[in-house]
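Structure first, then comments.
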Amino acid sequence: MEGQQEQWRQIRVVNIESMESWNFYLTKATHQDSLVVVHFTASWCMPSVAMNPFFEELAFNYPDVLFLSVDVDEVKEVAAKLEIKAMPTFLVMKNGTQIDKLVGANPEEIRKRIGAYAEAIHVA
């Protein structure tokens with residue numbers, strides 16, 4: 001059981017590898033009425049790479065929120081569809097619709113916004 005719990009912690013952020021997986025997780029989140037936070041990243045972008053541990057920490061702290069990671073070079077169609085122009089970019093989505101966007105590595109602002117959205121959903 002301990003190993004399973006540790007494995008769950010390690011996979012709190014889902015890596016999107018295709019347009020199909022993007023659609024699958026967005027549909028799943030919509031059916032579950034879940035908030036979705038997406039980190040658009042690139043392996044060559046050091047600020048994006050530096051945000052990965054922080055994003056993992058957020059995912060662990062907000063278990064009711066779905067956290068997705070999209071490498072813009074690996075899944076170009078998702079980045080193009082959402083008009084992602086800079087990395088890192090963080091999107092907050094609800095019911096398949098973007099409700100917030102933050103461009104740049106600003107951990108405290110990201111934490112504040114996700115906390116506010118997560119709180120609003122629990123109150124509603």
Side-chain angles (χ1 to χ4, degrees):
M1 183 71 178
E2 183 72 30
Q4 287 177 326
Q5 284 180 335
E6 188 59 34
Q7 184 181 16
W8 171 245
R9 288 179 187 162
Q10 292 172 357
I11 59 168
R12 287 291 304 145
V13 175
V14 177
N15 288 316
I16 299 300
E17 298 173 351
S18 66
M19 187 60 126
E20 292 77 24
S21 66
W22 170 260
N23 290 332
F24 171 81
Y25 284 104
L26 277 190
T27 300
K28 181 178 175 183
T30 298
H31 288 305
Q32 295 176 349
D33 200 32
S34 295
L35 188 66
V36 178
V37 180
V38 188
H39 175 198
F40 286 91
T41 184
S43 60
W44 47 264
C45 176
M46 288 307 108
S48 282
V49 172
M51 290 299 290
N52 288 336
F54 172 76
F55 199 63
E56 290 279 349
E57 175 194 325
L58 285 175
F60 183 72
N61 289 332
Y62 293 97
D64 296 336
V65 176
L66 176 60
F67 287 82
L68 304 176
S69 180
V70 177
D71 185 307
V72 297
D73 293 323
E74 292 177 13
V75 195
K76 291 180 172 93
E77 54 275 338
V78 173
K81 178 181 176 183
L82 294 165
E83 300 179 359
I84 303 302
K85 307 282 187 219
M87 277 62 65
T89 294
F90 297 88
L91 295 185
V92 181
M93 302 179 78
K94 182 74 174 160
N95 297 323
T97 303
Q98 176 183 318
I99 58 173
D100 201 356
K101 179 178 187 176
L102 182 67
V103 179
N106 186 339
E108 288 315 307
E109 184 63 22
I110 295 164
R111 185 186 313 274
K112 183 175 91 175
R113 291 188 193 187
I114 293 171
Y117 287 116
E119 183 68 26
I121 287 170
H122 283 296
V123 170

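Values below: every heavy atom of this structure, side chains too, minus hydrogens, waters and symmetry copies.
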Would you say [X] and [Y] make side-chain contact, with heavy atoms under 4.5 Å?
X      : Y     : answer
Tyr117 : Val65 : no
Ile84  : Leu91 : yes
Trp22  : Leu68 : yes
Val38  : Val78 : no
Val72  : Thr41 : no
Thr30  : Gln32 : no

Looking at [X] and [Y], what are the two nearest heavy atoms and their distance?
X     : Y     : answer
Ala50 : Pro53 : O-CD, 3.4 Å
Pro88 : Pro47 : CD-CB, 3.9 Å
Ser43 : Asp71 : N-OD2, 3.7 Å
Ala42 : Met87 : N-CG, 4.1 Å
Asn23 : Thr27 : O-OG1, 2.8 Å

* To do: Taking atom OH of Tyr25 as the centre, report whether more than 12 heavy atoms of other residues, nucleotides or ligands fall under 6.0 Å from it.
  => no
- Message: Between Asn95 and Thr97 (side chain of the first, backbone of the second, donor and acceptor by atom type, cut-off under 3.5 Å), is there such a pair?
- Response: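 Checked: no pair found.
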Review point. Is there a donor-acceptor pair under 3.5 Å between the side chain of Arg12 and the backbone N or O of Ala59?
Key: yes
- Item | Sequence neighbours excluded - salt bridge (Lys or Arg N to Asp or Glu O under 4.0 Å) pairs with any residue from residues 80-109 |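 Found Asp33-Lys94, Asp100-Arg113, Glu108-Arg111, Glu109-Lys112, Glu109-Arg113.
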Residue pair Val37, Leu58: steps toward the side chain to side chain contact (heavy atoms under 4.5 Å, CB included) verdict: CA-CA 10 Å; Val37 180; Leu58 285 175; over 6 Å; no
Enter the distance from [X]:[atom1] to [Y]:[atom2] here, rounded to the nearest 0.5 Å.
X     : Y     : atom1 : atom2 : value
Ser21 : Asn15 : OG    : CG    : 9.5 Å
Ile99 : Leu35 : CD1   : CG    : 5.5 Å
Phe40 : Ser48 : CZ    : OG    : 11.0 Å
Met51 : Cys45 : CE    : SG    : 10.5 Å

Can you hop from [X] to [Y] via hydrophobic side chains spaced under 4.5 Å?
X     : Y     : value
Val75 : Trp44 : yes
Val36 : Met19 : yes
Ile16 : Val49 : no
Val92 : Phe54 : yes

Here the ring-ring contact (aromatic ring centres under 6.0 Å, His included) pairs for residues 63-112, sequence neighbours left out, are His39-Phe90, Phe55-Phe67, Phe55-Phe90
ring-ring contact (aromatic ring centres under 6.0 Å, His included) pairs, two or more places apart, involving residues 91-110: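 Matches after skipping sequence neighbours: none remain.
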